[in-house]
Amino acid sequence: TVQREELPAWYYSMMYKGQFESPQGLVYPDVTYTEPFAIPPHWVRFIGIDPTHGGQDEFAAVWLAYDPFDPETWYVYREFYLSCTPKLKALDQQRRQPHEMLDMIYAMSTREVWDQDAGALVHTTMREDISRIFVDPSKPETRYDVQQLFPEAMVFKADPKLSGLTEVGRELKTGRLLVFKNLIHFQMEQTSYIYPYNQFGDVIGEVPLDRSNHLMDALRYAVRQSDESRGLAEPSFG
């Protein structure tokens with residue numbers, strides 16, 4: 001009884017009733033998931049990439065499309081989420097290299113159409129026109145590899161500033177940034193990407209925990225700089 005009165009409802013339910021509720025410390029608590037649809041060919045498309053370099057972490061990317069008509073909405077419509085170190089070693093002993101992951105991202109960057117019979121989006125052989133790509137700034141060589149695969153796109157070093165968290169959160173809360181509901185890994189990260197909390201479930205820090213954040217970082221890279229990059233004529237590798 002004492003714990004129920006003192007602890008936050010979500011924390012009490014998880015610890016004492018075995019029921020999961022969204023933590024109060026979610027970084028992005030306001031996400032609207034929408035039914036997937038075929039992105040119109042004329043919409044501008046961006047990619048945000050959060051790479052790993054041969055370790056245990058996941059190699060992640062998100063694709064965003066911009067609807068220019070009022071109310072000017074962004075859609076997160078595709079995801080890539082895979083570890084360089086295969087989980088099922090019996091099936092795949094070979095560690096995947098970063099350039100292999102980029103090849104997969106390139107292969108996925110084709111237009112999709114809605115298959116009525118399958119009730120799902122299916123890839124076509126038509127290439128997408130990717131306008132800009134934003135990459136984690138920690139490894140310059142990744143940006144050069146990306147530009148070789150996407151010569152038509154401008155490739156930027158992502159802005160790692162934490163102020164991007166506020167910007168992404170605002171776009172999600174206002175409904176100007178929507179997410180396709182078939183992005184399972186995105187949902188898993190979004191519902192577990194949290195700020196640190198104490199034993200009572202109270203948030204105690206302003207910097208999110210460094211976990212469940214690969215797709216979240218890729219999203220922040222793209223949203224943070226997409227507007228700022230529109231007027232830039234050349235890619236930035238600085």
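Source: prediction; values computed, not measured. When a residue number appears, it is its place in the shown sequence, counting from 1.
Of the possible donor and acceptor atoms, none in the side chain of Glu58 sits under 3.5 Å from a partner among the backbone N and O of Tyr81. Listed for the Glu79 side chain is a donor-acceptor partner under 3.5 Å among the backbone atoms of Phe186. Under a 3.5 Å cut-off, the side chain of Glu152 and the backbone N or O of Asp129 do not form any donor-acceptor pair.
Here the CD1 atom belonging to Ile47 is positioned 4.0 Å from the CD1 atom belonging to Ile130, to the nearest 0.5 angstrom. Distance check: His123 NE2 to Asp115 CG gives 12.5 Å after rounding to the nearest 0.5 Å. Note: Glu189 CD to Leu183 CG = 11.5 Å, rounded to the nearest 0.5 Å. To the nearest 0.5 Å, atom NE2 of residue His99 and atom CE of residue Met104 are 10.0 Å apart. If you take CG on Leu219 and CG on Asp50, they are separated by 11.0 Å, rounding to the nearest 0.5 Å. Rounding to the nearest 0.5 Å gives a distance of 8.0 Å between CG of Leu215 and NE2 of His185.
A cation-pi arrangement is present between Arg127 and Tyr106 under the rule of less than 6.0 angstrom and at most 45 degrees off the ring axis.
Under the 4.5 Å side-chain contact rule for hydrophobic residues, Val207 and Val27 share a cluster. Hydrophobic clustering places Trp114 together with Met108 (ILVMFWY residues linked when any side-chain heavy atoms are closer than 4.5 Å, directly or through intermediates). Linking ILVMFWY side-chain heavy atoms closer than 4.5 Å, directly or via other members, places Phe180 and Val122 in two distinct hydrophobic clusters. Under the 4.5 Å side-chain heavy-atom criterion for Ile, Leu, Val, Met, Phe, Trp and Tyr, Met126 and Tyr77 are members of distinct hydrophobic clusters.
Relative ring orientation between Phe59 and Phe80 is described as perpendicular, the plane-to-plane angle rising above 60° on a 0-90° scale split at 30° and 60°.
More than 12 heavy atoms of other residues, nucleotides or ligands lie within 6.0 Å of CD in Glu72, so this atom counts as buried by the packing criterion. Heavy atoms from other residues, nucleotides or ligands lying under 6.0 Å from CE of Met188 number 12 at most.
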Using atom types as modelled, flag every donor-acceptor pair under 3.5 Å from a side chain in residues 33-42 to any protein atom, sequence neighbours excluded.
{"unit_1": "Tyr33", "atom_1": "OH", "unit_2": "Gln190", "atom_2": "OE1", "d": "2.8"}
{"unit_1": "Glu35", "atom_1": "OE2", "unit_2": "Lys181", "atom_2": "NZ", "d": "3.0"}

Exercise for the section: Could you give me the CA-CA distance, side-chain angles and deciding distance for Arg211 and Tyr193, then say whether side-chain contact (heavy atoms from CB on, under 4.5 Å) is met? Expected result: CA-CA 7 Å; Arg211 65 189 187 207; Tyr193 187 36; over 6 Å; no
Exercise for the section: Tell me, with the steps shown, if Thr32 and Leu172 meet side-chain contact (heavy atoms from CB on, under 4.5 Å). Expected result: CA-CA 7 Å; Thr32 300; Leu172 289 167; over 6 Å; no
Handout entry: Pair Phe150-Ser109, side-chain contact (heavy atoms from CB on, under 4.5 Å): steps then yes or no
Key = CA-CA 10 Å; Phe150 295 90; Ser109 296; 3.7 Å; yes
Practice task
Run the numbers on Asp136 and Asp217 for side-chain contact (heavy atoms from CB on, under 4.5 Å), then give the verdict.
Solution key: CA-CA 8 Å; Asp136 186 327; Asp217 281 352; 5.9 Å; no
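Nearest approach of Val168 to Arg220, heavy atoms of both residues: CG2-CA, 3.8 Å. Nearest heavy atoms, Arg45 versus Glu128: NE-OE2, 2.8 Å. Taking every heavy atom of both residues into account, Ala218 and Ala60 meet most closely at CB-O, 4.3 Å. Residues Thr110 and Arg78 share a closest heavy-atom pair of O-NH2, 3.0 Å. Here the shortest heavy-atom pairing between Trp43 and Ala65 reads CE3-CB, 4.0 Å. Here the closest heavy-atom approach between residue Arg132 and residue Ala153 is recorded as N-CB, 4.4 Å.
Contact check for Pro98 versus Thr142: no side-chain heavy atoms found under the 4.5 Å cut-off. Residues Leu177 and Leu64 are in side-chain contact: their nearest non-hydrogen atoms beyond the backbone lie under 4.5 Å apart.
In summary, of the residues considered (Trp63, Tyr221, Phe156), a ring-ring contact (aromatic ring centres under 6.0 Å, His included) with Phe134 occurs for Phe156 alone.
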